[in-house]
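Start at 1 and go down the list; that is how both ligands and their atoms are numbered.
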Amino acid sequence: MRLRARFTFLFAALAALAGIFLVAVSDATLRRAVHDRVAERFRRELEHLTSDLARVPLDAESLDAFLRRSAAELECRITDIGPDGRVRHDTDLLPADVPAMENHARRPEVVEALANGIGSSQRTSPTEQKPMLYVARRLPDGGVLRLAIAQARLQQVELGYLWTMRAATFAVCLLLFLIGASASRRFSEPVAELTRAASAVAAGDFARDLPTAGGEEVQLLGAAMQRMKGALNQAVQRAESERRLTAMVFERLPDGLVVVDAKLRVLEANGRFAEMTGIPAPAGRGIYEVLRERPLHDCFEATVHTGEHTEKTVRLPDDRVWQIAVAPLPDAHRAAAVGVLRDVTRIERTEAMRRTFVADVSHELRTPIASIAAAAETLADSEPDRAESAELLGLIRRQSDRMRELIDDLMDLAQIESGAVPLVREAIPLRELLAEVAEDLEPAARECGVSVRVQGDDAITAMGDRRRVGQLARNLLDNAIKFSPRGAPVVVRVFRQSGRTGFSVEDLGPGIPKSERDKIFQRFYQVDRSRSKMRPGSGLGLAIVKHIAQLHGAVVDVEGEAGEGSTFRVSFPAAA
Ligand code: ADP
């Protein structure tokens, strides 16, 4: 029950109890007062009657008439009783009936009057069969004169006073009740207001201020609740910002994150996980459905069953490589394990490339080193003649040159690949540049019995770094010379086509099979090592070409069938 209703009920009960008590007390008091007053009046009337009768002696008939008159005046019953208890006169009976009346000597008031001069009693009259009040007085002749009145008559008199008293009592109690109820309302209203405000705060309405009206205790309670609200608000805000941070980290994580329950059902997963698995809404599904590769879901099974961390690197059928790490979560939670999926395909590829690269470099360096070592040994052990020594020293010099070239190429490539090459861009007159390159390579061309022709418009330019574009052209031209049969020409053409400019290098060498065209641009890749036996290459030339072209936004492609020579075309983007 609410406090206010409880107080109101309490005040109503108190007012009712007080009313009943007051009515009972006032009724009893009033009744006694009326009785006492009537008895007193009867005593006085008896005194007068006695003295009247003593003054004027009357015959029986006159006495009867006198008594009946007095009874009518006094509105009571008068009984005259002889010393022997016999009734001589009674105003409520006919004179003829009086002699038949019972002897009154034993009536309590008569006994008392005879003994003390005056006596009274309240009892039911045997003559009239109703409750009566009697007052009796001894007469000088030894008889007793008695006045009686019906209790009902007394009650009629009382009733007028009683209702006035009861109405006053009721009014006072009602007033008390109203004062109590209003006081309880004034006390309970701020408490109810506080309760409403506290409920609003509990429902998340932190903007609402707690009321400060009411008694001192209520004010103190309100202030305490206001402080509590402040602390609660801070705690809620802290929790909310932490929740937001967690959600953001969960979503922004570059790795796939998934939380599963003990039955290996996905409870939550981030966007990256959905992207990696290709399942947009994995929540609610079994991990077996989401991660179809057995080694992947085995990790979750193992962690959930053993409570241990599990980690694995798994190669998928489509050659992607995923790293998976699953950690158990404390028992008390619905979530049993959390898994992180990382796509390490690129790292794995880079790692594989690094391994191949180291193997290739070692392999390429081994041959010249072995030749130099063998030549040095021969020089040291046997005592070669002059001609032989010169030949061995020549071999050592050539192999050292080759190693230097290889290392230069490697350093160049590393520098270009790192992107740290500063390009000084300018409009390069392509024909002029290519003629310079051809001139530089003239000795090598002569050695191979190959002639180089540079054709095209002098005015054609390309935007780029002169030194790097020259390096690119040198590598292409060097290959063309190297692979051309003796006596065959190498033609370099400068062109302008659809707004783009560039040049092509054509030779009549062995050509490059279609299947090899992408691979020849990879580091250390050589179509057929026996082809370049004359002047062994490093397999790095075209890789350098590709990277320089990329730096310039240029495209390199190769045409020509195997056995029909090759044409390498480099085309630069149109100048902006
Ligand atoms: P290399 O130092 O071996 O020349 P490159 O990277 O320059 O290395 O060339 C890679 C491979 O591509 C060569 O080994 C060769 O097999 C092939 N190749 C390059 N240019 C030509 C060409 N003009 N004609 C035929 N094959 C070529």
Side-chain angles (χ1 to χ4, degrees), residues 353 356-357 359-368 398-399 401-417 434 437-438 440-441 444-445 447-454 468-493 502-551 554-570:
M353 271 166 66
T356 322
F357 178 73
D360 287 343
V361 172
S362 319
H363 179 81
E364 289 300 328
L365 288 174
R366 188 174 290 137
T367 318
R398 278 200 306 283
Q399 294 298 350
D401 283 350
R402 191 169 164 221
M403 272 168 54
R404 204 196 59 240
E405 269 171 34
L406 183 70
I407 288 165
D408 284 351
D409 279 355
L410 272 174
M411 302 229 352
D412 248 354
L413 190 62
Q415 207 190 355
I416 295 165
E417 269 185 339
L434 288 160
V437 174
D440 287 351
L441 290 173
E447 201 182 314
C448 294
V450 172
S451 62
V452 180
R453 283 207 302 273
V454 182
R468 292 294 174 191
V469 176
Q471 189 181 8
L472 180 157
R474 188 171 297 109
N475 285 357
L476 288 179
L477 208 54
D478 189 45
N479 278 349
I481 293 167
K482 201 163 64 179
F483 292 105
S484 284
R486 272 194 172 273
V490 169
V491 182
V492 180
R493 280 201 184 87
F503 62 92
S504 62
V505 181
E506 280 174 48
D507 65 56
L508 295 174
I512 297 156
K514 260 204 177 102
S515 57
E516 306 287 328
R517 283 184 193 163
D518 286 337
K519 297 183 195 155
I520 55 173
F521 293 98
Q522 291 172 10
R523 282 179 300 205
F524 299 109
Y525 190 84
Q526 291 172 317
V527 176
D528 178 1
R529 279 174 185 271
S530 61
R531 284 186 189 181
S532 53
K533 256 196 182 129
M534 288 253 307
R535 261 181 63 216
S538 62
L540 295 173
L542 288 183
I544 294 173
V545 167
K546 186 183 85 180
H547 279 101
I548 294 176
Q550 272 175 1
L551 283 179
V555 182
V556 189
D557 53 36
V558 56
E559 289 166 11
E561 291 303 317
E564 293 176 8
S566 356
T567 304
F568 284 82
R569 281 168 60 86
V570 185

Quiz item: Which residue from D507, I544, N479, L540 reaches closest to atom 23 (N) of ligand 1 through any of its heavy atoms?
Solution: D507
Quiz item: In Å, rounded to the nearest 0.5 Å, how long is the span from CD1 of I481 to SG of C448?
Solution: 7.0 Å
Self-check item: Within-shell test, S566 vs ligand 1, heavy atom, strictly < 4.0 Å
Solution: yes
Quiz item: Is the closest side-chain heavy-atom distance between N479 and K482 below 4.5 Å?
Solution: yes
Quiz item: Do the charged groups of K546 and E417 touch, with an N to O distance under 4.0 Å?
Solution: no
Quiz prompt | Contact atoms of ligand 1, heavy-atom distance to G541 under 4.0 Å | solution = 5 (P), 6 (O), 7 (O)
Quiz item: Heavy-atom distance under 4.5 Å between the side chains of F521 and V556, does that happen here?
Solution: yes
Quiz item: Would you say F568 and ligand 1 have an N/O pair spaced under 3.5 Å apart?
Solution: no
Quiz item: Got an N/O contact under 3.5 Å between L542 and ligand 1?
Solution: yes
Quiz item: Once you round to the nearest 0.5 Å, how far does CG of L406 lie from CG of D360?
Solution: 10.5 Å
Exercise. Work out whether the distance between some heavy atom of N475 and some atom of ligand 1 is less than 4.0 Å.
Key: no
Self-check item: Proximity flag K482 to ligand 1, non-hydrogen atoms under 4.0 Å
Solution: yes
Self-check item: N-O pairing of R474 and D440 below 4.0 Å
Solution: yes
Quiz item: For atom 27 (C) of ligand 1, which candidate among V545, I512, V490 holds the nearest heavy atom?
Solution: I512
Practice problem: Could you tell me whether R398 and D401 have a side-chain N and a carboxylate O separated by less than 4.0 Å? | Solution: no
Exercise. Any atoms of ligand 1 less than 4.0 Å from a non-hydrogen atom of G539? List them with their elements.
Key: 1 (P), 2 (O), 3 (O), 6 (O), 8 (O)
